[in-house]
Structure formats: structure tokens, C-alpha cells
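Down below is the structure, laid out as C-alpha cells.
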Amino acid sequence: MDVINIKPIIVSLLKEIPEIKKVATEYPVIWTIFPSAIYRTTQTPYAIDADKNELQTLWTVTIDLYSDTSLTSIVSKVSEKMKSIGFVGNAVDSNTASLIRVTREFKAIVDNETRQTYQL
């Protein structure tokens, strides 16, 4: 049994938000495109059967949103998109220098057999 890779799903959801002009996994050397979404994921086995198959995976998705103007609307849209696939999370404002930054962290347990998501 394969672990479901949610990374392409996250990229697709973020690219559906027209206000986000750049989606990436790495921070740019020079900030020129705004608003930007930089994301990272972590996965932890949550349930393993006797044959050592990973039945469920705890996924954490962290999305840093950057802009030079308000991010309120985009934060709401990101939250809606993530909720649509069963992930819930929190927001932290963390402005840096002349950039507005909001960090969102989402978590869910993904069942690798049924493809359903569960809350912690």
C-alpha cells in the first residue's frame, strides 16, 4: 500500500486561488512576485498494520503567505480550500521587514486505504 502524496493536491488547491501569483516550496532569493505562497509538509505514520503497511498518515501542511498588501481575503480562501479536503488549522501573523506574512498550519490524518481524512 502506498502513502497518499498530498503535495500535488496542495499545489493544485493553492493555484486555484487567482490572487496567489506564486506557489513554491522554497523561499525566493529576491522577492518580486506577490502575493506568494510558500508551503512545506511533514508526514508521520499514524497507524501501521502487522505487515508494517502505513494505513494512516498524519500530515502537517504549513503555508506561509507573503504580500506587500493585506492578506485577509487570501487567508480566508486558503482556509476554505484546505477545509474542503478535511484539513483544519490556525493562523499566526508574523510580518517581516516590509512584507506582510501570515503563516497557516493545517493538520489531518489521511487514511491511505479509503482516501478519507480525519481530524485529530
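The figures that follow rest on heavy atoms only: side chains count, while hydrogens, waters and symmetry mates do not.
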Using a 6.0 Å cut-off, check whether atom CD of Glu26 has over 12 heavy atoms from anything other than its own residue. no
Pairs in or reaching into residues 108-120: which pass salt bridge (Lys or Arg N to Asp or Glu O under 4.0 Å), with residues at least two apart or in two chains? none
Salt bridge (Lys or Arg N to Asp or Glu O under 4.0 Å) pairs, two or more places apart, involving residues 59-73: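 Of all non-adjacent pairs touching residues 59-73, those that pass salt bridge (Lys or Arg N to Asp or Glu O under 4.0 Å) are Arg40-Asp64, Asp64-Arg101.
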A side-chain contact here means heavy atoms from C-beta on lying under 4.5 Å apart; do [X] and [Y] qualify?
{"X": "Thr69", "Y": "Phe34", "answer": "no"}
{"X": "Leu55", "Y": "Asn112", "answer": "no"}
{"X": "Ser36", "Y": "Tyr27", "answer": "no"}
{"X": "Ile6", "Y": "Thr57", "answer": "no"}

Assigning hydrophobic clusters by single linkage (Ile, Leu, Val, Met, Phe, Trp, Tyr; side-chain heavy-atom cutoff under 4.5 Å), is [X] placed with [Y]?
{"X": "Ile38", "Y": "Val61", "result": "no"}
{"X": "Met82", "Y": "Leu58", "result": "no"}
{"X": "Leu13", "Y": "Ile17", "result": "yes"}
{"X": "Val110", "Y": "Val11", "result": "yes"}

If you take all heavy atoms of [X] and [Y], which pair is closest and at what distance?
{"X": "Ser73", "Y": "Glu19", "result": "OG-OE2, 4.5 Å"}
{"X": "Ala37", "Y": "Leu14", "result": "CB-CD1, 4.3 Å"}
{"X": "Lys107", "Y": "Leu120", "result": "CD-CD1, 3.9 Å"}
{"X": "Gly89", "Y": "Phe106", "result": "N-CD2, 3.7 Å"}
{"X": "Lys22", "Y": "Pro28", "result": "NZ-CB, 4.4 Å"}
{"X": "Glu54", "Y": "Pro45", "result": "OE2-CA, 3.4 Å"}

[X]: side chain to side chain contact (heavy atoms under 4.5 Å, CB included) partners, not counting sequence neighbours:
{"X": "Asp51", "answer": "Asp49, Asn53"}
{"X": "Leu71", "answer": "Pro35, Leu65, Ser67, Ile74, Val75, Ile100, Val102"}
{"X": "Ile30", "answer": "Thr32"}
{"X": "Thr42", "answer": "Thr60"}

Supply the members, apart from Val88, of the Ile/Leu/Val/Met/Phe/Trp/Tyr cluster built from side-chain contacts under 4.5 Å; use none for a lone residue.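 Cluster partners of Val88: none, it stands alone.
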Residues that [X] engages under side-chain hydrogen bond (donor to acceptor under 3.5 Å, both in side chains), provided they are two or more places apart:
{"X": "Gln116", "result": "Tyr118"}
{"X": "Tyr39", "result": "none"}
{"X": "Ser84", "result": "none"}
{"X": "Ser70", "result": "Thr72"}

Can you pull the side chain to side chain donor-acceptor pair (under 3.5 Å) pairs that have at least one residue in residues 3-18, sequence neighbours excluded? Glu16-Lys81
Out of curiosity, [X] [atom1] to [Y] [atom2], how far, rounded to the nearest 0.5 Å?
{"X": "Ile10", "Y": "Thr41", "atom1": "CD1", "atom2": "OG1", "answer": "8.0 Å"}
{"X": "Asn90", "Y": "Glu105", "atom1": "CG", "atom2": "CD", "answer": "6.0 Å"}
{"X": "Ile20", "Y": "Lys77", "atom1": "CD1", "atom2": "NZ", "answer": "9.0 Å"}
{"X": "Thr44", "Y": "Gln56", "atom1": "OG1", "atom2": "CD", "answer": "13.0 Å"}
{"X": "Gln43", "Y": "Ile4", "atom1": "CD", "atom2": "CD1", "answer": "11.0 Å"}

May I ask you to decide if Ile85's main-chain N or O and Thr117's side chain share a donor-acceptor pair within less than 3.5 Å?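 Yes; judged by distance alone, with no hydrogens or angles, the pair exists.
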Is the ring pair Trp31/Tyr66 parallel, tilted or perpendicular, if the boundaries are 30 and 60 degrees?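 Ring orientation of Trp31 relative to Tyr66: tilted.
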